[in-house]
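What follows is a short report on a single structure.
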Amino acid sequence: MAVERKRWQREFGDWFHQVIWESGLMDYRYPVKGCGVWLPYGFKLRNNVLNLMRRLLDETGHEETLFPLMITSDMVKKEAIHVKSFEDQLFWVTKAGDRKLDEELALRPTSETAIYPMMQLWIRSHADLPKRVYQVVNTFRYETKATRPLIRVREISTFKEAHTFHATFEEAERQVEEAVRIYSQFFDSLAIPYVVSKRPEWDKFPGALYSIAYDTVLPDGKVLQIGTVHNLAQNFSKAFDITFENAEGLREYVWQTCYGISERVIAALIAVHGDDKGLILPPGVAPIQAVVIPIPYKSKEAAVTEKSREIKKVLEKAGVRVWLDERDKLTPGSKFYEWELKGVPLRIEIGPRDLEFRNLTLVRRDTMEKFQVPEEEAASRVLETFSEIQSSLSRKASEWLRQRIHQAGNPEEAVALFREKQGIVEVGWCSKERCGLTWEEETGLQVLGIAWGETSLNGGVCPICGEKVGRVLRLGKPY
RNA sequence: GGGGUGGUGGUCCAGCAUGGUCUACGAUUCCCGGCUCGGGCCCGGGAGGUCGGGAGUUCAAAUCUCCCCCACCCCA
């Protein structure tokens with residue numbers, strides 16, 4: 001029962017689509033393009049992931065809110081640069097029944113235009129600051145490229161966005177650092193590896209001063225953006241007229257940040273940890289952390305059933321999300337396959353042999369390693385195994401990403417490296433936009449940005465202009 | 001934006017070249033019953049289809065022609 005990742009890597013697109021549906025996460029047969037149904041199992045996973053996020057935000061002074069889905073055309077037009085980037089993708093509500101609406105309404109493509117006009121009413125004085133809100137909502141964008149479950153959709157069903165408001169630029173800068181800390185902790189808890197890059201000027205969030213993004217690499221070697229943090233400076237507060245009175249009695253525009261994470265994090269969770277058998281979910285967020293499978297034999301059915309129920313209770317008491325699979329029409333083997341597909345981190349087999357020796361047979365989903373533990377140590381050994389699985393998943397995924405980050409000295413080298421190994425190519429950059437764009441042209445890759453929070457690079461010259469190199473520039477092929 | 005491949009019970013698919021033998025193959029899934037049970041066992045019985053949509057050619061279309069829709073892949 002070895003762990004294999006052939007199909008996972010070679011036919012990632014098919015694998016991904018199939019696993020999402022067969023494991024019971026989502027059904028994408030819904031008749032509207034780019035929209036899918038979260039099935040009960042997927043919905044539970046989604047909630048566990050979101051609750052992790054909620055805990056992190058609640059602990060750090062954020063408050064959850066819920067703003068309306070529809071925005072007016074006036075609201076849409078407030079911030080010119082921001083609007084322009086989304087206007088081709090807006091869904092419009094133009095009629096009620098057969099009556100044309102006097103004022104057409106748009107479905108939010110993101111919620112700046114819904115939230116900021118209200119903030120203009122709520123923020124009056126420096127005592128109201130800082131203010132941090134977040135919400136988890138659906139947003140709509142008319143994607144024209146091919147849609148892909150969880151990755152490129154028309155209804156983003158799960159968009160967690162935080163918006164913060166501050167009295168000074170420095171405070172907004174500190175909030176950006178805080179957001180990066182929060183997101184890093186979040187992805188670490190999910191064992192999803194990432195690189196953090198400052199997006200180049202030509203690819204930042206429209207309206208932002210600058211944008212920071214979290215990227216990971218999927219099995220096909222393409223880069224998936226899984227989170228973003230933006231310093232908006234006063235660009236939006238000026239457009240939406242969000243001002244406050246400072247301690248000296250003067251009116252100032254607020255300084256803002258915003259940061260978001262979408263269901264792409266679930267896509268990453270699935271893709272990064274999976275194998276040819278299906279999902280592998282980290283115990284921290286798995287809807288079912290352990291499944292008990294009774295192995296009935298001859299006349300011992302009653303004893304096996306009784307023991308299985310007893311173990312289930314013991315584990316539940318210890319706080320384990322456990323499921324007892326008592327379906328008697330299926331053989332244990334077919335149950336094994338099913339729960340492996342669904343990514344349950346730990347399987348517990350209880351059969352005549354275990355009864356005889358007062359053991360439990362445990363099988364780890366991530367390594368398929370099989371071992372016995374004494375029955376009376378059930379709870380402690382199960383919990384211990386969860387933390388081993390968690391750290392093993394982190395280690396494996398980080399190592400996998402590390403092997404897909406390469407260093408190149410010139411465009412030819414970058415192209416060769418990418419062709420052979422995909423992933424991310426790092427090169428030295430002189431910080432000039434023209435040279436950055438040349439890197440893109442000559443490699444056919446896209447600039448992800450410069451490494452965030454790392455000291456500048458010394459030595460070497462830009463192979464394009466010959467000037468001194470000061471930054472690490474990352475290139476890749478994004479989704 | 002450019003190119004390619006495909007759409008047939010819930011799922012995966014055969015059939016299409018050479019229209020008729022299609023009352024549409026097979027597997028899986030689902031329901032009923034039996035036998036089993038430490039890796040998808042097996043045996044009976046049953047359910048499930050606007051052949052993506054529309055128009056056309058024809059005595060006759062899943063099969064040929066045209067238009068449309070949708071999905072997936074590759075390239076910009």
Side-chain angles (χ1 to χ4, degrees), chain A residues 1-4 7 9-37 39 88-89 142-154 218-222 275-278 291-305 307-308 311 324-342 344 346-365 367-373 415 418-419 422 437 440-447 477-479:
Chain A
M1 294 298 120
V3 179
E4 292 205 328
R7 194 167 127 75
Q9 187 158 7
R10 282 205 283 263
E11 300 163 45
F12 174 68
D14 288 340
W15 177 91
F16 187 69
H17 213 274
Q18 202 178 339
V19 162
I20 284 175
W21 143 242
E22 288 183 348
S23 66
L25 294 180
M26 295 196 87
D27 195 334
Y28 263 90
R29 291 173 302 175
Y30 192 73
V32 178
K33 182 181 166 73
C35 301
V37 179
L39 299 170
D88 291 343
Q89 296 190 306
Y142 191 84
E143 292 288 352
T144 51
K145 289 184 181 184
T147 59
R148 195 186 258 275
L150 296 172
I151 290 176
R152 177 167 282 111
V153 289
R154 287 186 174 170
L218 296 194
D220 58 1
K222 285 204 228 167
D275 69 11
D276 287 356
K277 289 172 181 291
V291 62
V292 177
I293 301 189
I295 314 289
Y297 189 74
K298 295 268 155 64
S299 55
K300 302 222 175 88
E301 288 97 334
V304 166
T305 300
K307 183 57 69 184
S308 300
I311 293 298
L324 171 57
D325 190 347
E326 292 201 75
R327 292 173 298 175
D328 62 0
K329 287 262 152 69
L330 298 177
T331 61
S334 64
K335 292 179 185 176
F336 297 167
Y337 279 96
E338 187 175 329
W339 294 110
E340 282 161 9
L341 174 61
K342 292 171 96 69
V344 174
L346 190 67
R347 176 170 86 228
I348 301 171
E349 298 175 19
I350 301 177
R353 283 211 296 276
D354 302 295
L355 290 186
E356 192 183 334
F357 300 106
R358 296 184 56 79
N359 272 342
L360 303 177
T361 299
L362 270 48
V363 182
R364 275 172 65 159
R365 172 64 183 88
T367 56
M368 297 307 293
E369 186 190 343
K370 191 172 193 166
F371 55 100
Q372 269 74 34
V373 304
V415 168
F418 186 81
R419 191 181 304 133
Q422 288 82 45
L437 292 171
E440 289 192 340
E441 276 165 35
E442 297 204 354
T443 59
L445 300 174
Q446 196 169 313
V447 166
K477 200 166 187 178
Y479 265 97

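Naming: A, B, ... by sequence-line order, numbering from 1 per chain.
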Original post:
If the P atom of B:G20 is compared with that of B:U28, how far apart are they to the nearest Å?
Top reply: 29 Å
Original post:
So what does A:Thr361 hit on the nucleic acid, given a heavy-atom distance under 4.0 Å: a base, only sugar-phosphate, or nothing?
Top reply: base
Original post:
Is A:Glu143 close to A:Val153 at the side-chain level, that is, under 4.5 Å between some pair of heavy atoms?
Top reply: no
Subject >> Candidates B:C37, B:A71, B:G39 - which lies nearest the side chain of A:Thr147 >> reply: B:A71
**OP:** Could you tell me which nucleotide pairs with B:U36 by Watson-Crick or G-U wobble geometry, both distances under 3.5 Å, or answer none if nothing does?
**Re:** none
Subject >> Between C1' of B:C72 and CZ of A:Phe16, the distance in whole Å >> reply: 15 Å
Original post:
A:His17 has a side chain; which of B:G40, B:C72, B:C37 sits nearest to it?
Top reply: B:C72
Original post:
Whole Å only: how far is the CZ atom of A:Phe336 from the P atom of B:C37?
Top reply: 13 Å
Subject >> Identity of whatever pairs with B:G9 - Watson-Crick or G-U, under 3.5 angstrom >> reply: none
Subject >> Per A:Trp21 side chain, nearest of listed nucleotides B:C37, B:G40, B:G10 >> reply: B:G10
Subject >> Length of the CD1-P vector between A:Ile20 and B:U11, whole Å >> reply: 17 Å
**OP:** Indicate yes or no: at least one non-hydrogen side-chain atom of A:Gln446 is less than 4.5 angstrom from one of A:Lys477.
**Re:** no
Original post:
Looking at B:G39, does its base get a donor-acceptor pair with the side chain of A:Ser334 below 3.5 Å?
Top reply: no
Original post:
Starting at CZ of A:Arg29 and ending at C1' of B:A71, how long is that distance when rounded to a whole Å?
Top reply: 14 Å
**OP:** Could you give the distance separating B:U23 and B:C30 at their P atoms, to the nearest angstrom?
**Re:** 30 Å
Subject >> Strand partner of B:U57, provided both Watson-Crick or wobble distances fall under 3.5 Å >> reply: none
Original post:
What about A:Arg347: does its side chain form a donor-acceptor pair under 3.5 Å with the base of B:G38?
Top reply: no
**OP:** Could you measure between the two P atoms, the one in B:U65 and the one in B:A47, and give it in whole Å?
**Re:** 36 Å
Subject >> Nearest listed nucleotide, side chain of A:Thr331, among B:U36, B:G39, B:G10 >> reply: B:U36
Subject >> Any A:Lys33 side-chain N or O less than 4.0 Å from OP1/OP2 of B:A71 >> reply: yes
**OP:** Name the closest nucleotide to the A:Met368 side chain, picking from B:G39, B:U11, B:C37.
**Re:** B:G39
Subject >> Basic-acidic side-chain contact under 4.0 Å: A:Glu340, A:Lys342 >> reply: no
Original post:
Which whole number of Å gives the distance between the P atom of B:U11 and that of B:C67?
Top reply: 29 Å
Subject >> Matching residue for A:Asp275 among A:Gln9, A:Arg7, A:Arg365 - test: side-chain hydrogen bond (donor to acceptor under 3.5 Å, both in side chains) >> reply: A:Arg365
Original post:
Looking at A:Tyr479, is A:Arg148 sitting on its ring face, NZ or CZ under 6.0 Å from the six-membered ring centre and within 45 degrees of the normal?
Top reply: no
**OP:** Give A:Pro294 one of three labels, base, sugar-phosphate or nothing, depending on what nucleic acid heavy atoms sit under 4.0 Å from its own.
**Re:** nothing
**OP:** Kindly say whether, by distance alone, the side chain of A:Glu340 makes a donor-acceptor pair under 3.5 Å with the base of B:G39?
**Re:** yes
Subject >> Whole-Å distance separating the CG atom of A:Leu330 from the C1' atom of B:U29 >> reply: 12 Å
Subject >> Distance between P atoms of B:G15 and B:G7 (Å, rounded) >> reply: 10 Å
Original post:
Counting only side-chain N and O atoms of A:Arg148, is one of them less than 4.0 Å from OP1 or OP2 of B:A71?
Top reply: no
Original post:
Where each residue is assigned the nucleotide of RNA chain B containing its nearest heavy atom, which of A:Gly34 and A:Glu349 is assigned the position nearer the 5′ end?
Top reply: A:Glu349
Original post:
Does some side-chain heavy atom of A:Leu218 sit less than 4.5 Å from a side-chain heavy atom of A:Phe16?
Top reply: no
Original post:
Between B:A27 and B:C13, how far is it from one C1' atom to the other, in whole Å?
Top reply: 8 Å
Original post:
Between A:Gly333 and A:Gly444, which has a closest nucleotide on RNA chain B that is more 5'?
Top reply: A:Gly333
Subject >> Any strand: nucleotide that pairs with B:C22 via Watson-Crick or wobble, under 3.5 Å >> reply: none
Subject >> Span that lies between the C1' atom of B:U50 and that of B:C69, in whole angstrom >> reply: 16 Å
**OP:** In whole angstrom, give the distance that lies between atom NZ of A:Lys329 and atom P of B:C42.
**Re:** 17 Å
Original post:
Is it true that the NZ or CZ of A:Arg29 lies under 6.0 Å from the centre of A:Trp21's six-membered ring and within 45 degrees of the ring axis?
Top reply: yes
**OP:** Starting at atom CG of A:Asp354, determine the distance to atom C1' of B:G38, rounded to an integer number of angstrom.
**Re:** 8 Å
**OP:** Write down the distance separating the P atoms in B:C37 and B:C42, rounded off to the nearest Å.
**Re:** 14 Å
Subject >> Cation-pi geometry met for A:Arg154 and A:Tyr142 (6.0 Å, 45°) >> reply: yes
Subject >> Spacing between A:Lys307 atom NZ and B:G38 atom C1', to the nearest angstrom >> reply: 18 Å
